[in-house]
Amino acid sequence: HVQLVESGGGSVQAGGSLRLSCAASGYTYSSYCMGWFRQAPGKEREGVAAIDSDGSTNYADSVKGRFTISKDNAKTTLYLQMNSLKPEDTAMYYCAADQPPHWCKLPAYGGSWSESYWGQGTQVTVS
């Protein structure tokens, strides 16, 4: 069965960096659309970044130029490099995998992740 396990979260000061990882197993990793989402207390879950099987990416406006999504197909691992972190980036971060066929866009750009697989999340706190 599909399993997604996030790691790399933690506490960091504003302006700092973190790299999140999402180890995937149980499916044909390279063909899936992968994404990072986050949810802060009292707020709705929002899409942060997505990467398609061909490597094309899309980002939320709030993280463009600061965050980079990437993946290693050989290691079946998804990454999110987060630089210049701000207190408003504080949230639980989740990775998601969407099976093909798919429109690999964040919800803000019309993508649907209702049938996706989800990890348990990793907490990021920026002070």
Side-chain angles (χ1 to χ4, degrees):
H1 67 284
V2 174
Q3 188 171 18
L4 302 171
V5 180
E6 301 96 335
S7 61
S11 297
V12 64
Q13 290 189 336
S17 298
L18 284 174
R19 189 176 81 154
L20 305 183
S21 299
C22 173
S25 62
Y27 64 99
T28 307
Y29 178 82
S30 60
S31 65
Y32 275 52
C33 165
M34 302 292 296
W36 286 101
F37 291 73
R38 66 187 181 187
Q39 187 167 20
K43 294 188 177 181
E44 292 188 356
R45 184 179 65 193
E46 65 169 335
V48 175
I51 185 166
D52 207 343
S53 54
D54 63 359
S56 58
T57 59
N58 56 107
Y59 295 90
D61 286 343
S62 59
V63 306
K64 282 180 181 176
R66 300 188 298 123
F67 291 10
T68 302
I69 188 171
S70 63
K71 61 177 183 170
D72 186 328
N73 288 339
K75 295 182 178 179
T76 64
T77 300
L78 178 73
Y79 303 101
L80 184 68
Q81 178 66 44
M82 305 185 295
N83 298 327
S84 302
L85 283 161
K86 304 175 181 180
E88 51 264 43
D89 295 318
T90 295
M92 185 72 79
Y93 283 71
Y94 301 89
C95 71
D98 192 43
Q99 60 186 324
H102 50 242
W103 172 244
C104 195
K105 300 293 184 182
L106 296 176
Y109 305 123
S112 174
W113 295 74
S114 61
E115 303 294 324
S116 300
Y117 299 99
W118 295 88
Q120 294 299 306
T122 185
Q123 178 68 38
V124 171
T125 303
V126 185
S127 59

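Predicted, not measured: the structure shown is a model, and the values here were computed from it.
Residues Ser53 and Tyr32 fail the side-chain proximity criterion, which asks for heavy atoms closer than 4.5 Å. In this structure, the side chains of Glu44 and Pro107 stay at 4.5 Å or more apart for every pair of heavy atoms. Using a 4.5 Å heavy-atom cutoff, the side chains of Leu85 and Phe67 are in contact. Residues Tyr117 and Tyr27 fail the side-chain proximity criterion, which asks for heavy atoms closer than 4.5 Å. Inter-residue side-chain proximity for Val63 and Arg38 is flagged as met; some heavy-atom pair is nearer than 4.5 Å. When side chains are defined from C-beta on, Cys33 counts as touching Asp52, because their heavy atoms get closer than 4.5 Å.
Residue Gly26 comes nearest to Val2 through the heavy atom pair O-CG2, 4.0 Å, listed as atom of the first residue, atom of the second, then distance. Between Asn83 and Ser17, the shortest heavy-atom distance links the atoms OD1-OG, 2.9 Å. Taking all atoms of both residues into account, the shortest heavy-atom contact from Ala60 to Gly47 is CB-O, 3.4 Å. Contact between Ser62 and Glu46 at its shortest, heavy atoms only, is OG-OE1, 4.5 Å.
At distances below 3.5 Å, not a single donor-acceptor pair connects side-chain atoms of Thr77 with backbone N or O atoms of Asp72. In this structure a side-chain-to-backbone donor-acceptor pair under 3.5 Å is present from Glu6 to Gln120. Judged by distance alone, the side chain of Tyr109 and the main-chain N or O of Tyr59 form a donor-acceptor pair under 3.5 Å. A donor-acceptor pair under 3.5 Å is formed between the side chain of Asn58 and the backbone N or O of Cys104. Using modelled atom types, one side-chain atom of Trp113 and one backbone atom of Lys105 make a donor-acceptor pair closer than 3.5 Å.
Linking Ile, Leu, Val, Met, Phe, Trp and Tyr whenever their side-chain heavy atoms come within less than 4.5 Å leaves Tyr79 and Met82 in two separate clusters. Leu18 and Val48 fall within a single hydrophobic cluster, where Ile, Leu, Val, Met, Phe, Trp and Tyr are joined by side-chain heavy atoms under 4.5 Å apart, directly or via other members. Tracing side-chain contacts under 4.5 Å through hydrophobic residues (I, L, V, M, F, W, Y), one never reaches Tyr94 starting from Trp36; they form parts of separate clusters. Linking Ile, Leu, Val, Met, Phe, Trp and Tyr residues whenever their side-chain heavy atoms come within less than 4.5 Å places Ile51 and Leu4 in a single cluster.
Expressed to the nearest 0.5 Å, how far CD of Gln123 lies from OG of Ser11 amounts to 8.0 Å. Note that CE of Met92 and OG1 of Thr125 are 9.0 Å apart. Values are rounded to the nearest 0.5 Å. To the nearest 0.5 Å, atom OG of residue Ser21 and atom NZ of residue Lys71 are 15.0 Å apart. Interatomic distance, Tyr93 OH to Leu80 CG, rounded to the nearest 0.5 Å: 7.5 Å. The line from CG of Asp98 to OG of Ser31 is 10.5 Å long, rounded to the nearest 0.5 Å. The distance from atom OG1 of Thr76 to atom CE of Met34, rounded to the nearest 0.5 Å, is 9.0 Å.
Taking a 6.0 Å sphere around CD of Glu88, one finds it holds more than 12 heavy atoms contributed by other residues, nucleotides or ligands. By the 6.0 Å contact criterion, NZ on Lys64 is enclosed, its count of non-hydrogen atoms from other residues, nucleotides or ligands being greater than 12.
For an aromatic pair to be called close, the ring centres must be under 6.0 Å apart, and Trp118 with Phe37 satisfies this.
Salt bridge annotation for Asp89-Lys86: absent, with no cationic side-chain nitrogen under 4.0 angstrom from a carboxylate oxygen.
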